[in-house]
A.B. asks: 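This is the structure I want to talk about, given as structure tokens.
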Amino acid sequence: MKIAFIKPNIGRMEHSLYVDEGRMEPLMLAVLAGLTPPDVECVLYDDRMEPIPFDEPVDLAAITVETYTARRAYEIAAEYRQRGVPVILGGMHITLLPEEAAGHADSIFLGDAETVWAQVVEDARNHKLKPRYEGPPGVGQLGRVLPRRDLFKGKGYLPLTLMQFVRGCRFACSFCAVSQYFDKKHYHRALDDVVREIEAQDRKFIFFIDDNIASDHKLLAEFCHALKPLGLHWVSQASLDVTRNLPLMKLLEKSGNWGNVTGFETITPGSLKDARKSPNLPRFSQYKEEVRILREHGMQSWAAFTLGYDHDTKESIEATVDFALESRFTLAAYNILMPYPNTPLYKKLEKERRHLWDGKWWLHPQYRFNHAAFVPKLMTPEELTDACHAARTRFNSVPSLFHRFADVKTHLRSISRIGAFWKYTLLFKKEIPKKHGMRFGLH
Ligand code: SF4
């Protein structure tokens with residue numbers, strides 16, 4: 001038996017296929033391959049950088065689906081099904097919208113696949129695939145399974161190892177699909193399992209792709225203690241409330257944490273309330289204290305903003321760029337607020353009849369990447385799209401790069417930090433305009 005694991009691309013530009021040069025390892029597909037019985041041959045095809053050999057004989061195509069890749073994932077599923085290959089779709093988008101997904105596959109997987117994957121493989125082997133499987137959200141890599149990282153060879157992924165410790169998050173931001181999926185809970189792997197996995201790696205630069213590694217401060221402190229002797233450099237995603245726990249900040253620094261992706265979201269107090277961004281709300285004063293603490297601890301932060309709330313204007317979006325430049329963030333993402341299916345934000349906009357693209361931007365043939373998908377309150381959709389694009393362009397300009405780089409507390413701390421700053425900032429400077437306005441899917 002042979003299974004093809006597929007990571008779909010987002011789509012294409014007007015003239016050619018989009019190749020994502022900032023692509024990272026698709027960790028969860030390697031975990032599933034690790035859970036597959038050893039007599040089954042596993043192959044990985046990454047649509048972001050290689051053509052999928054649809055005519056190669058396989059017994060099952062397993063496709064992971066995010067909202068951004070749904071259109072392309074359904075195209076890939078159709079190619080396999082035309083050739084008589086059964087298809088199973090999984091991932092967060094499928095769990096949020098099972099009815100939509102069921103029309104594009106022989107089987108769908110809702111929730112986390114770990115506990116039920118062996119059954120899926122057995123059923124596929126016996127040609128008895130069920131239309132729907134369900135696994136409860138929970139702890140990752142059960143049974144101490146290790147990802148099949150050998151499948152990543154030759155795919156040109158960024159030189160950092162992806163790993164996971166915590167899944168889910170205790171907060172409930174209004175736009176967040178993670179919070180919806182995990183029902184405001186988080187789950188973590190046993191610490192000694194994670195340490196064992198780290199020790200098996202040659203590479204000592206790790207990205208923990210946890211939804212929010214700081215969801216539980218006590219747990220994060222234990223994690224830092226366990227990491228300290230391993231001599232790693234690591235990054236992750238962490239909510240801003242961590243800056244209010246100074247002993248934890250010290251521990252993060254000592255454990256080799258170079259910085260994290262952090263959702264600042266907005267500097268407009270009304271918008272912060274719209275986002276229900278509770279980790280950012282207490283004593284809000286334009287993040288001055290939080291940024292000072294991050295810099296004091298040497299964090300090379302990647303600030304994530306979501307723009308387009310009911311209190312946002314073109315001017316307030318420009319002001320977020322001023323703030324990010326003053327803070328000398330390593331990277332910043334200026335994301336248009338996206339109504340992900342079934343989130344509180346989606347439902348609110350539906351009630352107010354403010355959705356564009358028939359309320360299904362991820363499938364609409366005319367929708368373009370990074371364009372507004374709803375009617376904002378204080379701007380037109382085009383103004384919101386343009387303001388976000390202008391914010392990205394200004395933040396990634398050459399003068400901005402040099403201004404942000406000149407920070408002895410963070411980027412100039414060591415030769416390796418300098419190297420990381422230039423490698424990733426230049427990569428994002430190149431990638432961001434490439435993606436803007438891209439179509440979803442190939443057809
Ligand atoms: S803190 Fe981050 S992961 Fe948690 S609910 Fe908010 S956006 Fe989602």
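Bear in mind that the values here come from a model prediction, so they are computed numbers and not experimental data. Order of listing sets the numbers, starting from 1, for every ligand and every atom in it. What you see below is based on every heavy atom in this structure, not just the backbone, and it leaves out hydrogens, waters and symmetry mates.
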A.B. asks: Could you check whether F165 and H188 have their ring centres less than 6.0 Å apart?
C.D. replies: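 Centroid separation for H188 and F165: below 6.0 Å.
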
A.B. asks: Going by the atom numbers of ligand 1, which of them fall below 4.0 Å from some non-hydrogen atom of S179?
C.D. replies: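 Ligand 1 atoms under the 4.0 Å threshold to S179: 5 (S).
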
A.B. asks: Heavy-atom contact check, 4.0 Å cutoff: does R170 meet ligand 1?
C.D. replies: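 It does not; every heavy atom stays at 4.0 Å or beyond.
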
A.B. asks: Would you mind finding which of C169, A214, P279 brings a heavy atom closest to atom 3 (S) of ligand 1?
C.D. replies: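 It is C169 whose heavy atom sits nearest to atom 3 (S) of ligand 1.
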
A.B. asks: Atom 6 (Fe) of ligand 1: which protein heavy atom is closest, and how many Å away?
C.D. replies: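 I find the closest protein heavy atom is C173 SG, 2.3 Å.
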
A.B. asks: Quick check, are the ring centers of F223 and F208 under 6.0 angstrom apart?
C.D. replies: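 Yes, close enough.
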
A.B. asks: May I ask you to decide if the ring planes of F152 and Y157 are parallel, tilted or perpendicular, using 30° and 60° as cut-offs?
C.D. replies: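 Answer is perpendicular, since the angle exceeds 60°.
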
A.B. asks: Give the residue and atom name of whichever protein heavy atom lies nearest to atom 7 (S) of ligand 1, and the separation in Å to one decimal.
C.D. replies: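 Atom 7 (S) of ligand 1 sits closest to the protein heavy atom K277 NZ, 3.5 Å.
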
A.B. asks: On the six-membered ring of F5, is R148 placed so that its NZ or CZ lies under 6.0 angstrom from the centre and within 45° of the ring axis?
C.D. replies: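 Judged by the rule (NZ or CZ under 6.0 Å from the ring centre, within 45° of its axis), R148 is not positioned above F5.
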
A.B. asks: Taking both backbone and side chain into account, is any N, O or S atom of C176 nearer than 2.8 Å to atom 8 (Fe) of ligand 1?
C.D. replies: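 Looking at C176, which is the residue asked about, there is an N, O or S atom under 2.8 Å from atom 8 (Fe) of ligand 1.
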
A.B. asks: Measure from the ring center of Y340 to the ring center of Y181 and say whether it is less than 6.0 Å.
C.D. replies: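 Distance test on ring centres: not under 6.0 Å, no.
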
